[in-house]
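In what follows, every heavy atom counts, from backbone to side chain, and hydrogens, waters and symmetry copies are set aside. Below, read A as the first sequence line, B as the second, and so on, with proteins coming before strands; counting in each chain starts at 1. Keep in mind it's a predicted model, so treat the numbers as computed, not measured.
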Number of protein chains: 2
Amino acid sequence: MARRTRQNILDVAGNLFGHRGFDAVSLDQIAAEVGVAKQTLLYWFASKDELIQEVLSETAIELTLVIEAAIRSAPDDPLDRMEAVVKAVFRPAVRRPSLLGLVREISRLPSESSERLTDSLRPLVERAVSWMRTEMDAGRLRRADPALIVALAYATVTGIATEPEALRVVGWNADIVGLRRLRDELIGFLRAALAPVSD
Amino acid sequence: MARRTRQNILDVAGNLFGHRGFDAVSLDQIAAEVGVAKQTLLYWFASKDELIQEVLSETAIELTLVIEAAIRSAPDDPLDRMEAVVKAVFRPAVRRPSLLGLVREISRLPSESSERLTDSLRPLVERAVSWMRTEMDAGRLRRADPALIVALAYATVTGIATEPEALRVVGWNADIVGLRRLRDELIGFLRAALAPVSD
DNA sequence: GCCTTTCTCTACCATTTGGTAGAGAAAGGT
DNA sequence: ACCTTTCTCTACCAAATGGTAGAGAAAGGC
């Protein structure tokens, strides 16, 4: 029955890690927020490292599934397709803003588990890159370096996820504007930057 | 003479904080890397909080100066001008990659000092926004929401700064590609997305 | 009813954390 | 030579950290 406890721990830990960072969050805090003793955490997860590892791989799986589903049912036009994928990435993030902040924590893991996660995302990235290259060759996207575009998009998304607080520095108020509008501006940006040049 | 110690501490702390995050770095680690006892840190800075606060305001001042200098001597064409500013932002970051990572830490400060920093950056941001609006009204930039563009650019830059490791997830190898090429791609992107529509 | 597995608890521990107290060099002004 | 200021040290501390040991509920199979 109390298998739900495990899921609760994963959810709470995911939010806290994504929000404040791995090192800033203690097991005691997580336990308190779940409403459970610290030992219960350590019953379910052997260590703090294993906990975040589990959280991250759950997140990676979720994101992968969402993106793949979006690709399968996406329209054929490359710009529409990109819009669909970006929206798919944002959908879970809008619902649970701390989610993307987690990706940042990958680099703080012991290199071994960090690599395992990177590997699980790699196929998706490679697919995106080779797809963009094909579209560019066909003249349906403006020519550019696809790998760098993916890197930039990724940087932007994680930058947004870094914290609403951080964006407040540039006058962005999350409560008023909302992640959704920022997402739409990003999409408009991508469309403008990647539309094929009409010659 | 040993005022240099203070600067050494600031430099080392800046790198470590930007690289690993505020909570992940202990005073002992900083002291060890500077080659000095922990108490020496606490002689120069009353607490860890004051230390990062000092590091951040130094960074904010540096960035502000660099950007303002770039604006003063920038060409008149809005796209060239944007390119000049982006390059100015990247110049110190290329030299010292951990620098921009620091901005991320702002949101983890006690809200009071976080606000002080935000305030020191605000004029620059407002200036950029109003400048963009003017250029858009004059038809020299594609119409969009300037505040959101600044937010996106900021998010992208901090996303890049988040860690080369994190970008490795999307296949970006810092050693080979380099921050400089990513910067140039970003500039090309901005140009394409913000060029006025020729009607 | 009993036993085994699953689950959560209280109590404890070694280490590390940010920070204090206060002594002693180094150096410069006079 | 002496004093003051600047600078760095050793020694210590209370609190918090990740983690261990082991006991006791809960619940299901038989």
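The base-pairing partner of C/dT10, taking Watson-Crick or G-U wobble contacts with both distances under 3.5 Å, is D/dA21.
With respect to the salt-bridge test (charged N to carboxylate O, under 4.0 angstrom), the residues A/Asp23 and B/Arg20 do not qualify. The existence of a salt bridge linking A/Lys87 and A/Glu83 is confirmed by a sub-4.0 Å separation between a basic side-chain nitrogen and an acidic carboxylate oxygen.
Protein atom NZ of A/Lys48 is 15 Å distant from nucleotide atom P of D/dT20, rounded to whole Å. As a whole-Å value, the separation of A/Phe45 CZ from D/dG18 P is 15 Å. Atom OH in A/Tyr43 sits roughly 15 Å away from atom P in D/dT20 (whole-Å rounding). As rounded to whole Å, 17 Å separates atom C1' of D/dA23 from atom CG of A/Leu42. Between the CD atom of A/Glu50 and the P atom of D/dG19 there is a distance of 10 Å, rounded to whole Å. To the nearest angstrom, P of C/dT17 lies 11 Å from CG of A/Asp23. As rounded to whole Å, 13 Å separates atom C1' of C/dC9 from atom CD1 of A/Ile9. When rounded to the nearest whole Å, the span between CG of B/Leu41 and P of D/dC7 equals 15 Å.
Considering B/Val25, B/Val12, B/Asp11, B/Asn15 as possible partners of B/Glu33, the one that fulfils the side chain to side chain contact (heavy atoms under 4.5 Å, CB included) test is B/Val12.
Residues A/Ala192 and A/Arg142 share a closest heavy-atom pair of O-NH2, 3.8 Å.
Taking CD1 from B/Ile149 and CG from B/Leu190, the interatomic distance works out to 8.0 Å, rounded to the nearest 0.5 Å.
With D/dG19, D/dT8, C/dT8 as the choices, the nucleotide that has an atom nearest any side-chain atom of A/Ser47 turns out to be D/dG19. Out of C/dG18, C/dT17, C/dC7, the shortest distance to the side chain of B/Leu27 is found at C/dG18. With C/dG19, D/dT17, C/dC7 as the choices, the nucleotide that has an atom nearest any side-chain atom of A/Trp44 turns out to be C/dC7.
Residues of residues 31-40 of chain B having a heavy atom closer than 4.0 Å to DNA chain C, listed by number: B/Lys38, B/Gln39.
Residues satisfying the salt bridge (charged side-chain N to carboxylate O under 4.0 Å, His left out) criterion with B/Asp80, sequence neighbours excluded, are B/Arg191.
Between B/Ser26 and C/dT17, a side-chain N or O to OP1/OP2 separation shorter than 4.0 Å is present.
Checked by atom type and distance alone, the side chain of A/Arg140 never pairs as donor or acceptor with a backbone atom of A/Glu135 at under 3.5 Å.
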